[in-house]
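Everything on this sheet refers to the single structure shown next.
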Amino acid sequence: MTSETQAHDNQLFVKDLQESASLLVEKLQGNDYDEAARLIHSIVESRDKHLYQSVGRLTRGLHSAIVNFNVDGDLSKEPPEVDRSEIRDATDRLKYVIELTQSAADKTMDMVEEAAPIAMNLGQEASALRTEWGRLQTGEMSADEFRSLYTRMEDFLGQMESGTDQLGKNLQEIILEQGFQDLTGQVLKRVMGLITEVEQDLLSLVRIAGQVEEITGLHVEADNEGKARVVEKSSGEGPQINKDQADVVSSQDEVDDLLSSLGF
Amino acid sequence: MKILIVDDFSTMRRIIKNLLRDLGFNNTHEADDGLTALPMLKGGGFDFLITDWNMPGMSGIDLLKAVRADSSLASLPVLMVTAEAKRDQIVEAAQAGVNGYVVKPFTAAALKEKIEKIFERVG
């Protein structure tokens with residue numbers, strides 16, 4: 001619509017210009033300088049008016065491009081609510097990415113730090129026992145030493161059992177922590193979508209600005225109205241970064257409660 | 001037990017596959033969205049479907065609906081493992097006939113519990 005109005009305005013302006021120009025030539029040839037001066041003045045005025053209109057359109061375009069970023073912002077409000085803008089939303093989403101990656105990195109390192117001494121102790125005890133075992137095989141061991149080796153071996157097997165169990169658990173936790181890649185990926189994809197939208201809106205602005213400069217031009221670019229963001233419901237919404245909202249469940253327990261209320 | 005894991009993120013497929021292996025399920029197959037999953041399911045032989053919701057192509061909820069609408073698959077147990085956490089989404093999945101719903105990020109215990117519960121119920 002903006003482009004159509006702009007084209008129409010351009011046409012009017014050029015028509016005005018052409019009429020005034022031929023009139024001006026006529027007046028000049030007829031030596032009517034007063035009237036010619038008045039005509040020149042009106043041409044300038046008409047050019048200014050056209051320019052103002054175009055600048056006004058640019059401003060409105062800029063405004064609506066900014067408002068377009070709003071999720072459910074009130075369009076009549078001036079200035080538009082930045083709190084609910086998509087840019088702010090994207091910032092929150094990116095913050096969530098940082099939190100999630102940080103927590104995954106922390107937990108993974110915690111798990112490794114917890115596991116490393118277990119593995120090291122088991123390894124040290126195993127090599128110490130192996131040395132003792134060697135002495136036993138070569139018959140260098142006294143009966144007392146053998147008794148101590150006997151209990152030490154039993155302890156070690158116990159440690160081995162609980163240690164490997166713990167190691168297995170930590171390894172599984174580490175695997176599970178990698179789920180951040182999926183969750184952050186979903187969020188990042190959304191932010192990428194927004195960036196593409198912002199790019200398109202900025203392009204629209206560039207076009208509007210181009211039209212302002214192109215006072216005499218009649219070539220109007222294709223309709224560049226910002227397309228409404230259609231979110232297909234069935235495609236899902238991605239991770240909820242704000243779990244405090246009433247319509248969002250904050251834990252698996254709440255999911256279970258909701259499902260059991262539905263007869264599950 | 002032949003299980004199909006559907007998620008567009010390969011990391012998540014690997015995580016679920018790993019947990020299933022720990023639970024003793026080794027026959028797992030993968031698909032990255034509903035469009036690739038559906039023909040695999042129709043190909044037959046699957047006993048269990050674990051699917052994400054938010055995927056390009058065909059979403060998990062649409063896959064669930066397609067499964068329930070297909071007479072040969074209608075009784076296939078379906079567990080949804082997803083980041084979608086809105087109440088109306090969970091209700092929608094329940095109405096579409098999901099057998100279990102796990103929100104990401106989840107614990108190994110939660111996934112195990114839901115899977116066992118489903119198998120208990122479908123026997």
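The chains referred to below are lettered A, B, ... by the order of the sequence lines, with proteins before strands, and numbering in each begins at 1. As the structure is a computational prediction, the values presented were derived from the model and not from experiment.
Classification of B:Arg13 and A:Asp182 as a salt-bridged pair fails, no side-chain N sitting under 4.0 Å from a carboxylate O.
In this structure, no portion of B:Met58 lies under 4.5 Å from any heavy atom of chain A. Looking at A:Leu183, only its side chain comes within 4.5 Å of chain B, counting heavy atoms on both sides. Of the two parts of B:Lys65, neither the backbone nor the side chain holds a non-hydrogen atom closer than 4.5 Å to a non-hydrogen atom of chain A. At a 4.5 Å heavy-atom cutoff, the contact between A:Ser251 and chain B is made by backbone atoms alone. For A:Gln186, the parts lying near chain B are the backbone and the side chain together; criterion is any non-hydrogen pair under 4.5 Å. If you measure heavy-atom distances from A:Leu176 to chain B, the contacts under 4.5 Å come from both the backbone and the side chain. Proximity to chain A is limited to the side chain of B:Asp7, based on heavy atoms less than 4.5 angstrom apart.
Ranked by heavy-atom pairs under 4.5 Å with chain A, the first of B:Gln95, B:Met12, B:Met55 is B:Met12. For the set B:Ala93, B:Ser59, B:Gly34, B:Ser10, the entry with the most heavy-atom pairs within less than 4.5 Å of chain A is B:Ser59.
Heavy-atom minimum distance, B:Arg87 versus A:Leu258: O-CD2, 3.7 Å. Nearest approach of A:Gln252 to B:Ala110, heavy atoms of both residues: CG-CB, 4.4 Å. Taking both residues in full, the closest heavy atoms of B:Tyr101 and A:Leu259 are given as CB-CD1, 3.6 Å, listed atom of the first, atom of the second, then distance. Nearest heavy-atom pair, B:Thr11 versus A:Gln181, reported as atom, atom and distance to 0.1 Å: OG1-OE1, 2.6 Å.
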Walk me through whether A:Asp247 and B:Asp88 qualify under side-chain contact (heavy atoms from CB on, under 4.5 Å).
CA-CA 7 Å; A:Asp247 60 343; B:Asp88 54 2; 5.8 Å; no
B:Lys114 vs A:Asp256, side-chain contact (heavy atoms from CB on, under 4.5 Å): CA-CA, chis, key distance, verdict:
CA-CA 10 Å; B:Lys114 300 304 159 212; A:Asp256 296 348; 2.8 Å; yes
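Sparse packing is recorded around CZ of B:Arg14, with 12 or fewer heavy atoms of other residues, nucleotides or ligands lying under 6.0 Å away.
Counting heavy atoms from C-beta outward, A:Lys189 and B:Asp8 have side chains that approach closer than 4.5 Å.
Distance CD1/B:Ile15 to CD/A:Glu177: 8.5 Å, rounded to 0.5 Å.
A donor and an acceptor atom, one from each side chain of B:Asp22 and A:Gln172, are located under 3.5 Å apart.
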